[in-house]
Amino acid sequence: MKAWQYTTATGGLEKNLKLTTLPLPTLSPVHSAAEVLIQVLSAALNPADYKLPELGLVSHAIIRTPAVPGMDFCGRVVKATSTVDSLRIGELVFGRIDASQHGTLAEYIAAPARMCTPLPTGVDPDIGATLGVAGLTAYKVIAPHVKPGDKVFINGGSGGTGTFGIQIAKALGCQVTVSCSTGKVALCRSLGADEVIDYTTTDVEQALKEGGLAFALCVDNVGSPAGLYKAADAFLLPGAKFVQVGVAMGWASAKTLVSRWITPAVLGGGKRPYELFSLRGQMQAEQEQLAKWVAEGKVKPVVEQVFAFGEAPQAFEKLKGGRCAGKVVVRVVKREA
């Protein structure tokens with residue numbers, strides 16, 4: 001099979017990717033393992049796909065190289081271990097795999113059956129590929145913390161997780177306020193945002209404070225402004241959670257993150273519960289709910305651009321530009337127009 005592979009990410013992952021021929025993945029020989037071999041049709045990219053490899057020595061402790069990047073996928077089941085009874089050969093499925101040496105920017109992957117969900121009839125594989133990481137993240141950071149009628153603030157509403165978050169919060173009956181740049185205001189409103197704060201013209205912290213204690217949840221997909229968590233004392237209801245999803249790379253961001261995490265309120269830290277989110281474990285029920293909403297049209301994944309398989313480096317360049325509305329997708333198998 002063909003796969004995009006890197007040995008180092010020094011100078012940027014996109015500059016180090018090589019299209020390589022590799023053996024097909026093999027399914028686990030362990031009798032109890034429930035795995036499937038999937039022909040990948042589309043793979044969506046996430047910031048973690050390049051941020052992890054670009055961590056240098058830390059990256060090598062997490063992912064062995066040479067490695068294939070990618071976690072999101074949509075594809076066709078072509079083989080399964082004997083213990084798989086929930087998926088059929090030939091069935092289209094979507095899902096995610098954990099970051100590892102064997103990622104989804106390849107023609108075939110081996111994946112745990114529990115991480116795969118049937119793609120609803122009529123949903124394009126490019127759309128299915130977007131659901132695994134960003135869709136699940138948005139669902140997990142919102143659904144457990146809200147009830148109908150709650151107000152939710154999403155810092156960064158136009159990216160992959162943000163565009164899902166707006167729609168998921170609305171599907172759960174919430175009122176949604178988001179921040180974004182001027183050029184993305186119309187998009188966020190079209191997805192259902194009740195209020196949009198343009199961070200290029202408005203002080204986000206001040207605008208939220210002026211509204212008083214109104215929000216039942218804050219989801220931070222950006223990591224800035226640095227004072228947002230402390231400011232949440234003035235706009236999050238008592239006991240309401242501040243959930244951190246996205247952070248920029250660098251020492252300044254790391255310092256802000258650590259400060260938010262460990263500084264107690266008596267020493268100037270925030271007073272609201274703080275969570276640094278990590279997507280872990282089995283999420284079959286959540287994937288099925290996302291699939292249902294997509295099939296019903298309640299959630300419409302936003303795709304910034306679809307790249308051909310041979311354009312994977314350019315797809316990463318697009319993602320790293322930081323101005324994408326929604327997801328960047330790599331179409332692994334060319335399909336008829």
Where do L22 and A3 come nearest, in terms of heavy atoms and distance?
-> CD1-CB, 3.8 Å
Residues Q287 and F94: closest non-hydrogen pair is O-CZ, 3.5 Å
Tell me yes or no: between the side chains of N221 and T161, is some donor less than 3.5 Å from an acceptor?
-> no
Show the atom names and distances, to 0.1 Å, of all donor-acceptor pairs under 3.5 Å that link a side chain in residues 135-147 to residues at least two apart or in another chain.
unit_1, atom_1, unit_2, atom_2, d
T137, OG1, V133, O, 2.7
K140, NZ, E286, OE2, 3.3
K147, NZ, D150, OD1, 3.1

Do the side chains of L27 and K79 get nearer than 4.5 Å, heavy atoms only?
-> yes
For the residue pair A48 and P53, what are the closest heavy atoms and their distance?
-> O-CD, 3.9 Å
Heavy-atom pair of closest approach, residues A34 and T81 = CA-OG1, 3.4 Å
With sequence neighbours excluded, tell me which residues meet salt bridge (charged side-chain N to carboxylate O under 4.0 Å, His left out) with E296.
-> K292, K298
Rounding to 0.5 Å, atoms CD (E205) and CD (E210) come to a distance of 12.0 Å
Interatomic spacing from CG in L13 to CD in E317 - rounded to 0.5 Å = 10.5 Å
Does a side chain donor of either T182 or D198 reach within less than 3.5 Å of an acceptor in the other side chain?
-> yes
Should P69 and L17 count as side-chain neighbours, where that means a heavy-atom distance under 4.5 Å?
-> yes
Donor-acceptor contacts under 3.5 Å from residues 299-308 side chains, at least two apart:
unit_1, atom_1, unit_2, atom_2, d
E304, OE1, A325, N, 2.9
E304, OE2, K318, NZ, 3.4

Are the side chains of C116 and E35 in touch, meaning some heavy atoms are under 4.5 Å apart?
-> no
Using salt bridge (charged side-chain N to carboxylate O under 4.0 Å, His left out) as the criterion, list what pairs up with E91, not counting sequence neighbours.
-> R88
Using a distance-only test with no angle check, is there a side-chain donor-acceptor pair under 3.5 angstrom linking D194 and Q175?
-> no
Taking all heavy atoms of A129 and all of D72, pick out the closest pair and write down the distance.
-> O-CB, 3.2 Å
Kindly compute the distance separating CE (M115) from CZ (R96), expressed to the nearest 0.5 Å.
-> 3.5 Å
Determine whether the side chains of Q101 and T65 contain a donor N or O and an acceptor N or O closer than 3.5 Å.
-> no
Step by step, work out the ring-ring contact (aromatic ring centres under 6.0 Å, His included) result for Y274 and Y229.
-> CA-CA 8 Å; Y274 180 83; Y229 174 54; 5.0 Å; yes
List, by chain and then residue number, the residues other than L237 in its hydrophobic cluster (Ile/Leu/Val/Met/Phe/Trp/Tyr, side-chain heavy atoms under 4.5 Å); write none if there are no others.
-> L213
Taking the side chain as C-beta and beyond, is there a heavy-atom pair between I168 and I166 under 4.5 Å?
-> no
Do L45 and F316 have side-chain heavy atoms sitting under 4.5 Å apart?
-> yes
What's the shortest heavy-atom distance between V185 and V196, and which atoms?
-> CG2-CG1, 3.9 Å
Just checking, is any N or O donor in the side chain of N46 or K327 under 3.5 Å from an acceptor N or O on the other one?
-> yes
Does L228 reach the side chain of F153, with side-chain heavy atoms less than 4.5 Å apart?
-> yes
E14: what forms a salt bridge (charged side-chain N to carboxylate O under 4.0 Å, His left out) with it, not counting sequence neighbours?
-> K320
Side-chain (S224) to main-chain (A226) donor-acceptor, under 3.5 angstrom | no
Any donor-acceptor N or O pair under 3.5 Å, side chains T177, K151 | no
To the nearest 0.5 Å, what is the distance between CG (L19) and CH2 (W4)?
-> 4.5 Å
